[in-house]
Trainee: 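Once you've had a glance at the structure underneath, I'll fire off some questions.
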There are 2 protein chains.
Amino acid sequence: IEDKKLADVYVADLMIPSEKVAHVQVNNPLEHALLVLVKSGYSAVPVLDASYKLAGTIGKTIILNQILGLERFEFETLADRRVEEIMHTDIPILSREASFMEGLHAVIDYPFVCVADQEGYFDGILTRRAILKQLRRNISM
Amino acid sequence: IEDKKLADVYVADLMIPSEKVAHVQVNNPLEHALLVLVKSGYSAVPVLDASYKLAGTIGKTIILNQILGLERFEFETLADRRVEEIMHTDIPILSREASFMEGLHAVIDYPFVCVADQEGYFDGILTRRAILKQLRRNISM
Ligand SMILES: Nc1ncnc2c1ncn2[C@@H]1O[C@@H]2COP(=O)(O)O[C@H]3[C@@H](O)[C@H](n4cnc5c(N)ncnc54)O[C@@H]3COP(=O)(O)O[C@H]2[C@H]1O
Ligand SMILES: Nc1ncnc2c1ncn2[C@@H]1O[C@@H]2COP(=O)(O)O[C@H]3[C@@H](O)[C@H](n4cnc5c(N)ncnc54)O[C@@H]3COP(=O)(O)O[C@H]2[C@H]1O
């Protein structure tokens, strides 16, 4: 495996840039967030604030958990609640200058990791697929 | 990176064995399947038949797509429909004797890949996390 090439790869080279990333806003109702998730097909996406700074992530699991009532899924409650009330905020964040190895470490426990700059503006996401494709290029056995 | 060790790793070494894999049955109503998915926290799981042969996979996305009506999510329809009507059946399948590289190729496009024997009995699942952890062990830069 050609380590030398991995040493020259950075998160910026592998990430999906912000303009191509589906996301929701902190103040969106959960109903809207679930619709975005179902229509985009993604299980989870980043959450941004009005100035496009990264605020967290949200996924179908945590939304559906909210509406799991005693007898059925209580869908009506989704109209009254907002993304910022339940989104995940204790998430790993990478800088675009981070190394390939830092990216590999980060995706061990997360299907995707958000990338942001020092001021907190959202740059993009690093996915497991991007890391795996890079590794496949480097491995020739 | 130590290729020699990867050459000695097989899917059987990395997969989550069937007894530890959450799954649903082909004839379960979608309501039950969604409950299993929400309670287990997994976005998608394997589908087995009554004799524990692998039949397909099912996830929250495809279930929610089914109930996305014009005005809202039509949850009532979930009680009347069954897993086998909508599950994914064109899925990659690995044998436990497959090589690490075959496993890596398979998870490029799928978060997990089902493992089954020649008669179709479900053996377990190979996840991206297991592949990534193995690669991290082998890379020391
Ligand atoms: N429209 C599509 N076309 C082709 N393949 C698709 C696809 N949607 C999903 N997949 C495949 O399924 C994997 C899991 O997607 P999931 O939505 O659970 O999990 C995704 C999703 O939560 C997020 N993600 C990926 N791309 C995104 C985007 N453009 N915008 C927002 N979130 C994204 O990152 C996670 C990991 O993505 P990754 O690419 O490693 O892995 C993806 C990819 O291999
Ligand atoms: N209870 C838990 N504890 C710790 N971490 C958790 C977790 N549930 C999910 N994760 C983390 O989130 C990733 C994506 O999970 P997801 O459910 O979307 O996607 C999962 C799920 O669809 C399936 N899967 C994993 N383990 C399973 C199991 N024991 N039974 C059934 N399906 C499983 O394989 C996919 C990829 O799993 P992978 O481990 O690569 O990646 C997992 C893992 O890193």
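Throughout, a chain's letter reflects where its sequence line sits, starting with A, and its residues are numbered from 1.
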Trainee: Counting only non-hydrogen atoms closer than 4.5 Å, does B:T61 touch chain A with its backbone (N, CA, C, O), its side chain (CB onward), both, or neither?
Mentor: both

Trainee: Within residues 102-109 of chain A, which residues come under 4.5 Å of chain B, heavy atom to heavy atom?
Mentor: A:L104, A:H105, A:V107, A:I108, A:D109

Trainee: Verify the cluster assignment for A:I91 and A:I16: are they in a single hydrophobic cluster under the rule of side-chain heavy atoms below 4.5 Å apart?
Mentor: yes

Trainee: Please say yes or no: joined through hydrophobic side-chain contacts below 4.5 Å, possibly via intermediate residues, are B:V45 and A:I62 part of one cluster?
Mentor: yes

Trainee: Consider only side-chain heavy atoms of I, L, V, M, F, W and Y, link residues closer than 4.5 Å, and tell whether B:V26 and B:L48 are in one cluster.
Mentor: no

Trainee: Any side-chain heavy-atom pair from B:I139 and A:L135 closer than 4.5 angstrom?
Mentor: yes

Trainee: Can you check whether anything in residues 117-132 of chain A gets within less than 4.5 Å of chain B, heavy-atom wise, and list it by number?
Mentor: A:R128, A:R129, A:I131, A:L132

Trainee: Hydrophobic clusters here meaning ILVMFWY residues chained together by side-chain heavy-atom distances under 4.5 Å, can you tell me if A:M15 and A:V113 are in one?
Mentor: yes

Trainee: Tell me whether A:K133 at atom NZ has more than 12 heavy atoms from other residues, nucleotides or ligands lying less than 6.0 Å away.
Mentor: no

Trainee: Please determine whether the number of non-hydrogen atoms from other residues, nucleotides or ligands lying under 6.0 Å from atom NZ of B:K39 exceeds 12.
Mentor: no

Trainee: Below 4.5 Å, heavy atoms only, C-beta onward: do A:L64 and B:L37 meet side chain to side chain?
Mentor: no

Trainee: Would a single hydrophobic cluster contain both A:L34 and A:V21, if residues Ile, Leu, Val, Met, Phe, Trp and Tyr are joined by side-chain heavy-atom contacts under 4.5 Å?
Mentor: no

